[in-house]
2 protein chains.
Amino acid sequence: MSADPSPTLEDVARVAGVSRATVSRVINRTRNVAPEIQEVVRRAVEATGYVPNRAARSLVTRRSEAVGVVVAGTDLSDSLNAGQFLTDPFFGRLLTGIIGALKPRGIFPALMLAENAADDLAITAYFKQGNADGALLISTYPDERLPAMLADVGRPSVRFARPASPGPVSYVDLAHREGGRMAAAHLASIGRRRPVAITGPLEIPAAQERQAGYEEGWARHGCPFVPVCEGGFTYDSGERAMKELLDRVPDLDAVFAASDLMAQGAIHALGDHGRRVPEDVAVVGFDDSAPARLSRPGITTIRQPLEEMAAEMVRLLLDRLDDPSPEPTSVIFDPVLVLRESA
Amino acid sequence: MSADPSPTLEDVARVAGVSRATVSRVINRTRNVAPEIQEVVRRAVEATGYVPNRAARSLVTRRSEAVGVVVAGTDLSDSLNAGQFLTDPFFGRLLTGIIGALKPRGIFPALMLAENAADDLAITAYFKQGNADGALLISTYPDERLPAMLADVGRPSVRFARPASPGPVSYVDLAHREGGRMAAAHLASIGRRRPVAITGPLEIPAAQERQAGYEEGWARHGCPFVPVCEGGFTYDSGERAMKELLDRVPDLDAVFAASDLMAQGAIHALGDHGRRVPEDVAVVGFDDSAPARLSRPGITTIRQPLEEMAAEMVRLLLDRLDDPSPEPTSVIFDPVLVLRESA
DNA sequence: AGTTCGTGGGAGAGCGCTCTCCCATACCGA
DNA sequence: TCGGTATGGGAGAGCGCTCTCCCACGAACT
């Protein structure tokens with residue numbers, strides 16, 4: 001059954017009674033070939049079980065028909081952090097979108113973690129060797145090194161999330177500010193008046209934007225000052241921040257946490273202090289990841305359409321690979337308020 | 001900066017004043033080369049910024065130095081299911097372990113989803129084209145097609161979880177039966193006497209084993225009959241199963257759920273029925289995934305050392321790639337009881 | 001009839017490596 | 001002195017493709 005010496009183009013050509021070039025043309029639909037000959041070739045391919053050898057093709061086309069997904073975890077470079085990121089449903093949704101969008105092209109993405117400078121080097125070398133044509137960069141941190149390094153070796157990349165400083169890189173992002181505004185508007189609309197905020201790490205543009213939008217929203221509803229505590233997007237940081245805010249603002253009645261995980265931590269901290277959610281305190285999260293849906297009470301949250309955003313990243317990258325025009329593009333998606341029990 | 005015509009072996013050889021063969025030998029440490037010449041070559045590599053072209057190398061070695069991670073979702077072939085699997089922390093932990101174990105070899109795994117027969121074909125073709133040398137197969141379902149198909153095209157694979165029928169494939173698994181026994185022993189040790197069980201899908205060997213061990217454990221503690229309800233590993237199925245069991249066995253005081261997600265669903269269902277956890281009902285989960293740690297109450301659970309198991313899968317595969325001896329191996333890991341609040 | 005196309009096929013070079021030969025040199029024991 | 005044997009280097013074939021030429025042929029024009 002297993003024909004160890006895999007059939008080559010030459011073999012197919014012999015069986016079909018044509019030249020190698022003709023077979024190649026049929027397979028790649030690269031030039032007109034008489035229909036009857038196409039048929040003969042196709043039958044020969046079938047009969048031999050031929051499958052083109054990617055290495056040989058890549059060698060001459062200088063294309064690998066592969067893309068890499070680079071997860072740039074963190075500048076903090078504790079090795080746990082990036083590892084944990086992979087278990088974050090946020091990442092899973094993104095990955096689902098990427099794989100789905102790549103599948104029609106027969107591309108399976110290579111997954112890499114960039115945790116430190118050595119990794120950046122290894123990853124750049126990987127691309128330079130011709131293992132992949134382009135990169136999808138997933139980083140919540142404003143990491144700037146990789147896109148430039150990859151551009152140096154002629155590999156375009158598309159980022160998830162706007163880079164901190166504008167560079168020659170396409171990206172896909174959410175209207176975070178609008179999301180923050182929506183959270184404030186909703187909390188105000190259900191009669192809350194003493195809001196607080198648990199932000200993400202403020203060196204991240206997205207975290208800044210969400211917070212800015214939230215404050216803007218409250219200002220519009222007559223509340224010019226919002227007590228705030230910075231978190232790190234994680235469950236524990238949300239719990240800790242909530243405790244601190246309860247100390248500082250005992251009569252708070254609304255909290256906006258910049259991630260669902262932090263919202264979950266906050267809700268548990270509120271419970272520990274005898275506050276009921278949503279009766280005493282309303283909580284709004286961000287992302288609409290699994291914890292928002294599965295925890296009790298369900299978390300009212302600002303949904304990021306991550307699957308769609310991922311598909312858009314793929315589209316941008318493939319477009320750029322098909323036509324390496326020099327214009328970086330960006331696409332911004334709208335957040336959606338998802339109502340559950342917590343607010 | 002970007003030397004578009006990437007330097008080739010030829011270029012390095014010219015700079016170093018040696019032949020192509022010698023440069024190749026130095027780079028691949030494939031034969032003795034005089035130390036001073038090694039030094040000269042190394043300097044030339046440095047100077048030119050040379051990086052070997054993987055396609056050219058693969059063409060002659062017939063090795064890609066790449067591996068694929070195949071996530072075989074389900075035979076149920078609802079497209080959502082596999083997508084959701086990626087957001088499951090279970091998968092994230094496995095992936096973390098795989099990537100970590102592959103990194104020292106400079107390999108970045110290609111990720112693929114097998115949701116139906118067409119996918120199986122596409123994936124097999126991908127391997128046959130020489131895109132990857134071997135596969136890491138992650139499937140909780142006892143899918144048998146892919147390992148055989150891959151073996152047919154000369155690609156070894158290592159499975160996560162024992163296949164339903166023994167085949168020519170290596171695998172890594174957990175002592176599920178022992179895990180079930182541990183759950184029963186713990187519940188008995190804290191004085192529970194009316195146990196029930198929420199199993200995983202019983203066509204999955206792992207689910208059967210966990211259940212068998214659980215019943216065995218209770219039999220040993222004087223409880224020969226355990227009411228049971230089958231779930232699907234998901235949150236919703238756990239919630240539903242718990243409701244059903246509460247109807248059938250109103251005075252139950254202990255439940256073993258075969259996944260943490262189901263345990264979480266069960267705990268919420270118990271709460272809805274006015275039962276306190278763990279005072280009225282003790283709950284033990286399985287996996288030790290994020291929900292077990294983050295939900296309230298924290299879920300006492302049977303931990304699978306997924307990262308270590310993943311690393312072992314990688315080791316088995318790489319060994320087999322380095323030396324394709326025909327003996328499939330299997331490695332079984334021990335579960336660990338992790339105590340939290342729920343039992 | 002001769003010229004000019006357009007169309008569809010083949011020949012063959014060459015992508016950048018690895019690896020098998022082969023050869024030059026140095027060192028050894030007889 | 002000579003054959004034998006490591007040791008380390010170079011020459012060159014060839015992995016399986018793509019793609020540029022080139023050519024044969026028929027149709028359409030002058």
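The chains referred to below are lettered A, B, ... by the order of the sequence lines, with proteins before strands, and numbering in each begins at 1. No hydrogens, no waters, no symmetry mates; every other heavy atom, side chains included, goes into these values. A quick note: this is a predicted structure, and the numbers were derived from the prediction, not measured.
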Of B:I27, B:T22, B:V23, the one forming a side-chain contact (heavy atoms from CB on, under 4.5 Å) with B:V12 is B:V23
Worksheet entry | salt bridge (charged side-chain N to carboxylate O under 4.0 Å, His left out) between B:R20 and B:D11, intermediate numbers included | CA-CA 9 Å; B:R20 226 166 51 237; B:D11 298 326; over 6 Å; no
Value for CG (B:N53) from OG (B:S58), rounded to nearest 0.5 Å, stands at 8.5 Å
Is there side-chain contact between A:L136 and A:I98, with heavy atoms separated by less than 4.5 Å? yes
* Is any side-chain N of the basic residue among B:E46 and B:R43 closer than 4.0 Å to the acidic one's carboxylate O? -> no
In this structure, CD1 of B:I99 is separated from CE of A:M112 (nearest 0.5 Å) by 9.5 Å
Contact check, residues 55-64 of chain B vs DNA chain D, heavy-atom distance under 4.0 Å, returns B:L59, B:V60, B:R62
*Considering only heavy atoms from C-beta outward, does the side chain of A:F333 approach that of A:E312 to under 4.5 Å?*
yes
The helix from C:dA1-D:dT30 to C:dA30-D:dT1: angle between terminal helix axes, five bp per end, to the nearest 10 degrees, reads 50°
Closest non-hydrogen contact found for B:F160 with B:L306 is CZ-CD2, 3.8 Å
Chain B vs DNA chain C, heavy-atom contacts under 4.0 Å, first-to-last nucleotide span, 5' to 3', is C:dG16 to C:dC21
query: Are any of the side-chain heavy atoms of B:L321 and B:P156 separated by less than 4.5 Å?
result: yes
Does the side chain of B:L137 come within less than 4.5 Å of B:S157's, by heavy atoms? yes
Do B:D119 and B:R145 meet the salt-bridge criterion of a basic N to acidic O distance under 4.0 Å? no
When you check the side-chain N and O atoms of A:T124 and A:D120, is any donor under 3.5 Å from an acceptor?
no
Rounded to the nearest 0.5 Å, the CG atom of A:L9 sits from the OG atom of A:S24 at a distance of 6.0 Å
Here the residues of residues 29-45 of chain A within 4.0 Å heavy-atom distance, strictly under, of DNA chain D are A:R31
Using the rule given for side chain to side chain contact (heavy atoms under 4.5 Å, CB included), can you reason through A:F127 versus A:V70, listing the C-alpha separation, both sets of side-chain angles and the distance that settles it, and then say yes or no?
CA-CA 11 Å; A:F127 278 92; A:V70 181; 4.3 Å; yes
Note: contacts of residues 17-25 of chain A with DNA chain C (heavy atom, under 4.0 Å) are A:V18, A:S19, A:R20, A:A21, A:T22, A:R25
Identify every side-chain donor-acceptor pair in residues 60-68 of chain A under 3.5 Å, counting partners at least two apart or on other chains, and give the distances.
residue : atom : partner : partner atom : Å
A:T61   : OG1  : A:R57   : O            : 2.9
A:T61   : OG1  : A:R63   : N            : 3.3
A:R63   : NH1  : A:D133  : OD2          : 3.4
A:S64   : OG   : A:A66   : N            : 3.3
A:S64   : OG   : A:N131  : O            : 3.4
A:S64   : OG   : A:D133  : N            : 3.4
A:S64   : OG   : A:D133  : OD1          : 3.0

